[in-house]
Amino acid sequence: MPLIVLPTSQLLWVRVAALLFTCVAFSVASHGASLYYRGMADWCIFCWAFSFACTLLVLLVELFGLQTRALVSWTNFPITIACYASLLCLSASVIFPLFFLKDQRTTGDARDYRIAATVFSCLAAVAYMGEVSLTKARPGEVAGYMATAPGLLKVCQTFVACIIFILVSDPVSYNHHAAVKWCMAVYCICFILSMAVVVLCVGEWTGCLPIPFSKFLSAYGLLAVIMYLTATIIWPVFQFDRQYQRSSQASSKLITVAVLTALNFLLYLADLAYTARLVFVSA
C-alpha cells in the first residue's frame with residue numbers, strides 16, 4: 001500500500017501553481033526588492049508567506065492521505081484557506097505596487113524584483129480564486145458550510161473587518177464621539193460572531209451551540225444587517241459633517257472605511273438572503 005497518493009487533478013495543479021507563485025512572490029520581495037516602508041512590506045510578505053504555508057499544509061495532508069486524521073473538518077478547511085489566501089494575495093497585489101512601484105524612483109535590480117513580486121502576487125490571487133471556484137458547492141451538491149455562498153461570505157466579512165481595524169487604528173479615528181464608538185462596536189461584534197461561525201464550521205463544533213445552527217445563523221444575520229446599516233449611516237455623518245469633524249479635511253483612510261462599511265453591509269445583506277433561502281426554502 002503506497003504511503004503517498006499522487007492524484008492528477010485540476011485542483012492539484014491549481015494548488016501547486018498557487019504554492020509556487022506565493023513562494024516566488026515573498027522570496028523576491030524579501031531578497032532584493034530593497035523594501036524600506038516596513039509596515040506595508042511586512043503585511044505583503046505575511047500575505048504571501050501565510051498563503052504559502054497553508055497551501056503547503058493542505059497539499060501534504062492530501063498527498064499523504066491524512067484527511068481523516070486531521071483535527072479539523074476537511075470539507076471546510078481547504079476552501080476556507082483558499083478564500084482567505086485569495087483575499088490576502090489580492091490585497092498584497094494592490095498594496096505592493098501602490099507603495100513600492102507608483103511614483104518611486106527606484107531603478108535597476110530592486111525595481112525588477114518589485115515588478116516580479118507584483119506579477120507573481122497577481123498570479124497567486126488568480127490561482128486561489130480558481131481553487132475557490134473549483135471547490136465551492138454546486139447547486140444540489142452536498143458540501144460543507146464553508147463551501148456554500150454564506151460560508152464564503154463569512155470569510156469576506158471577516159477580511160473586510162480586519163482591513164477596517166487596520167485603517168481606524170493608525171491614527172485612532174473612533175474615539176472622538178459616542179456615535180463613532182458605536183460603529184467600532186459594530187465592527188468588533190460582527191467580526192467576532194462571523195469568525196466564531198468560521199471556527200465552529202472548520203472545527204466541526206456547530207453541535208455545541210445551545211440552539212440549532214440554522215436558527216443561530218438567521219438571528220445573527222438579521223442582527224448584523226441592522227447593526228451594519230446603522231454604521232453605514234452613522235460613520236460618514238460623524239466623520240465628514242463639519243459639525244463633528246476634528247479636522248477640516250476628511251482623510252483618505254476615513255473615506256475608505258466608509259466605503260468598506262457599506263461593502264460589508266452589502267455582504268451581510270447577501271449573507272442573510274442566502275441563509276434565509278437555505279433555511280426556509282429547503283425546509
Results of side-chain hydrogen bond (donor to acceptor under 3.5 Å, both in side chains) for S27 - residues two or more places apart only:
none

I would like to know whether K154 and T80 meet side chain to side chain contact (heavy atoms under 4.5 Å, CB included); could you show each step before the answer?
CA-CA 10 Å; K154 294 288 190 304; T80 303; over 6 Å; no

Going by ring-ring contact (aromatic ring centres under 6.0 Å, His included), name the residues that satisfy it together with F46, two or more places apart in sequence or in a different chain.
W43, F50

With no hydrogens and no angle check, is any side-chain donor or acceptor of T148 less than 3.5 Å from a backbone partner on G144?
no

Is there any salt bridge (Lys or Arg N to Asp or Glu O under 4.0 Å) pair reaching into residues 68-89, and which pairs are they, with sequence neighbours excluded?
none

How about I211: does its CD1 atom have over 12 heavy atoms from other parts shown lying under 6.0 Å from it?
yes

So which heavy atom on M146 is nearest to which on V202, and how close?
CG-CG2, 4.4 Å

Please examine the side chains of C89 and C47, heavy atoms only from C-beta on, and report whether any two atoms are closer than 4.5 Å.
no

Joining Ile, Leu, Val, Met, Phe, Trp and Tyr whenever any side-chain heavy atoms lie under 4.5 Å apart, the cluster holding V14 also takes in L11, L134

Heavy-atom nearest pair, S218 first then L272, reads O-CD1, 4.0 Å

Ring centroid separation for F26 and F52, is it under 6.0 angstrom?
yes

Mutual orientation of the aromatic rings belonging to H31 and Y113 [parallel < 30°, tilted 30-60°, perpendicular > 60°]
perpendicular

Testing the basics here: between V186 and A231, what is the closest heavy-atom pair and its distance to 0.1 Å?
CG1-CB, 4.1 Å

What residue among L267, I164, N264, L87 forms side-chain contact (heavy atoms from CB on, under 4.5 Å) with F159?
L87

Within one Ile-Leu-Val-Met-Phe-Trp-Tyr cluster: I192 and M227, side-chain cutoff 4.5 Å
yes

Partners meeting side-chain hydrogen bond (donor to acceptor under 3.5 Å, both in side chains) with Q157 (sequence neighbours left out)
S194, D271

I need the full list of side-chain hydrogen bond (donor to acceptor under 3.5 Å, both in side chains) pairs touching residues 51-60, with sequence neighbours left out, sorted by first then second residue.
T55-Y128

Results of ring-ring contact (aromatic ring centres under 6.0 Å, His included) for W182 - residues two or more places apart only
none

Give every residue pair that meets the ring-ring contact (aromatic ring centres under 6.0 Å, His included) criterion with at least one member in residues 201-230, sequence neighbours excluded.
Y145-F213, Y187-Y228, Y228-Y268

Could you pull out all residues at least two apart from T232 that satisfy side-chain hydrogen bond (donor to acceptor under 3.5 Å, both in side chains)?
none

Residues two or more places apart in sequence or in another chain: which of them pass side-chain hydrogen bond (donor to acceptor under 3.5 Å, both in side chains) with W48?
S121

Per the salt bridge (Lys or Arg N to Asp or Glu O under 4.0 Å) rule, what does the pair list look like for residues 122-132, sequence neighbours excluded?
R15-E131

Looking only at non-hydrogen atoms, find the nearest pair between I79 and V132 and report the distance.
CD1-O, 4.3 Å

Output the rest of the hydrophobic cluster of L90: all Ile, Leu, Val, Met, Phe, Trp and Tyr residues reachable through side-chain heavy-atom contacts under 4.5 Å, sorted by chain and number.
M129

